[in-house]
There are 2 protein chains.
Amino acid sequence: MGKPHQQRKQEIIQSTLALAAELGVKKVTTQAIADRVGVAQATIFRHFKTRDAIFAEAIAWLASQLFLVLSDCFQSQQDADQRLQRLVHRQLQFISEHKGLPRLLFSDRLHLESPALKQAVQTIMQRYTREVAELIEEGIDRGHFRQDLDAMQSAGFITALIQGLVMRWSIFNFDFDLEQEAKPLWAFIDSALR
Amino acid sequence: MGKPHQQRKQEIIQSTLALAAELGVKKVTTQAIADRVGVAQATIFRHFKTRDAIFAEAIAWLASQLFLVLSDCFQSQQDADQRLQRLVHRQLQFISEHKGLPRLLFSDRLHLESPALKQAVQTIMQRYTREVAELIEEGIDRGHFRQDLDAMQSAGFITALIQGLVMRWSIFNFDFDLEQEAKPLWAFIDSALR
DNA sequence: CAAAAATGTGAGTGATTAATCACTTTTTAT
DNA sequence: ATAAAAAGTGATTAATCACTCACATTTTTG
């Protein structure tokens, strides 16, 4: 039964994310993770030093997947406005498929218990906003967006808009289709930028 | 030392909010509240049946205060766009002065442990969005905003925008001035609606 | 003033849970 | 094959925390 380290680690991370999505971060106990993976609770600590270390790696995994999905939106083989529209859609799609992400983002653990986790999220958010800002900058230069825009500020508002939307989705028990919001959301963003 | 019930209840609620702002919801234990109020931990339960009941009343108090502060924005003695601008500013100001609000909003306790709390927040958010939608509706009718806007949808995006901004503020340790964001935020909203 | 009601408290209880540890089994490397 | 390393486990620990209870004090009320 003793699987190789990396494989078991991935199982633990994926189980953690699945449980976070289903039950919320608070209920993701090391026991619950162990049960889902099919090992004893103590075994979890063979693979991660602490519980927070699991969350940290889960967040890192989500970030890497997200940037992978968005990567072609950040490369200019198309007009900036088209790519930004695609980015909005892909982002909502990704979150729809990974409900664990908003759960982690909205958890107290992240917000106050673990400065390290918070730091990780800060870095990811900054990188994300910076990349969106570059995209907008390009759109301004090419005349797709208004000339008087502050790219960094606009990028900040766009990420805020998406996060706020996701938060409402989370508060309302994921009971509306997030992806369906992509179209009107883009209409709103587009008219703010043009 | 035995103070009247309502007075003690208010002390407990205010202490809870202060602690939530400073330390985050997780660390607002009944012991911490009791220490701050200056009574024994057991005394807390003379005034509230459960810990969640404290949070519930704290949220209700915040909501009543918020709607009080925003009340004149919802009454039409002025152009809708001016009132909406004022609403955005007042809202950010209010949250700046009540950091406990985002802490409660982002806590997993609210999100998953207590359906009753979540329900309360849902109701408040719906009322808020509805009132903003009415404001926008009026602005559309009077020609201050675009004719093709969906008022309810726009109101949803505006609240999402504010909430997302507040979330970033929370994740970044309240380390930028939220009120200062009011001006550029309004510029963004205004250009999206006009 | 006296009874009743409200407020307050110290000392618990029980439940939860991350982390440890001594020991066993399995896998990997030489 | 065999030694070393890795993976796994049951039992336990230590800490935390909401909540209870019997009893004391204060406040309110008739």
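Letters A, B, ... mirror the listed sequences (proteins, then strands); counts begin at 1.
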> Using atom CZ of Phe48(B) as one end and atom P of dT7(C) as the other, report the distance to the nearest whole Å.
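Taking atom P of dT7(C) as the reference, CZ of Phe48(B) is at 12 Å.
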> Would one find a side-chain N or O of Arg51(B) under 4.0 angstrom from OP1 or OP2 of dA18(D)?
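The answer is yes; a side-chain N or O of Arg51(B) sits under 4.0 Å from OP1 or OP2.
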> With sequence neighbours excluded, tell me which residues meet side-chain hydrogen bond (donor to acceptor under 3.5 Å, both in side chains) with Gln65(B).
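side-chain hydrogen bond (donor to acceptor under 3.5 Å, both in side chains) check on Gln65(B) returns nothing, list empty.
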> Check salt bridge (charged side-chain N to carboxylate O under 4.0 Å, His left out) between Glu134(A) and all other residues, then give those that pass, not counting sequence neighbours.
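Once residues adjacent in sequence are excluded, Glu134(A) has no partner under the salt bridge (charged side-chain N to carboxylate O under 4.0 Å, His left out) criterion.
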> Separation of Lys27(B) atom NZ from dT16(D) atom P, in whole Å?
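Lys27(B) atom NZ is separated from dT16(D) atom P by 12 Å.
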> Given atom CZ of Arg46(A) and atom C1' of dT26(C), what is their separation to the nearest angstrom?
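Interatomic distance, CZ of Arg46(A) to C1' of dT26(C): 13 Å.
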> May I have the distance from Ile12(B) (atom CD1) to dT7(C) (atom C1'), rounded to whole angstrom?
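Those two atoms, CD1 and C1', are 11 Å apart.
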> Looking at DNA chain D, which of residues 30-43 of chain A put a heavy atom within less than 4.0 Å of it?
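Val39(A), Ala40(A), Ala42(A), Thr43(A), in order of number.
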> Round to the nearest Å and state the distance from Ile44(B) atom CD1 to dG10(C) atom P.
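Nearest whole value for this atom pair: 13 Å.
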> Rounded to whole Å, how long is the line connecting atom CZ of Phe45(B) with atom P of dA11(C)?
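Rounded to whole Å, this separation is 18 Å.
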> Quick one: list whatever passes side-chain hydrogen bond (donor to acceptor under 3.5 Å, both in side chains) with Asp175(A), sequence neighbours left out.
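Counting only residues at least two positions away or on another chain, Asp175(A) forms no side-chain hydrogen bond (donor to acceptor under 3.5 Å, both in side chains).
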> To the nearest Å, give me how far apart CD (Gln7(B)) and C1' (dT26(D)) are.
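It is 14 Å, rounded to the nearest whole Å.
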> Measure the shortest side-chain to side-chain distance between Leu101(A) and Val166(A) over non-hydrogen atoms and say whether it is less than 4.5 angstrom.
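Leu101(A) does not reach Val166(A) side chain to side chain.
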> Who pairs with Asp177(A) by side-chain hydrogen bond (donor to acceptor under 3.5 Å, both in side chains), at least two apart in sequence or on another chain?
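Asp177(A): no side-chain hydrogen bond (donor to acceptor under 3.5 Å, both in side chains) contacts found.
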> Asp190(A): what forms a salt bridge (charged side-chain N to carboxylate O under 4.0 Å, His left out) with it, not counting sequence neighbours?
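Only Arg194(A) meet the salt bridge (charged side-chain N to carboxylate O under 4.0 Å, His left out) criterion with Asp190(A).
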> Whole angstroms only, please: what is the CD1-P distance between Ile54(B) and dA18(D)?
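In whole Å, dA18(D) P lies 9 Å from Ile54(B) CD1.
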> OP1 or OP2 of dA6(D) less than 4.0 angstrom from a side-chain nitrogen or oxygen of His47(A), does that happen here?
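So the side-chain polar atoms of His47(A) never come under 4.0 Å of the phosphate oxygens OP1 or OP2 of dA6(D).
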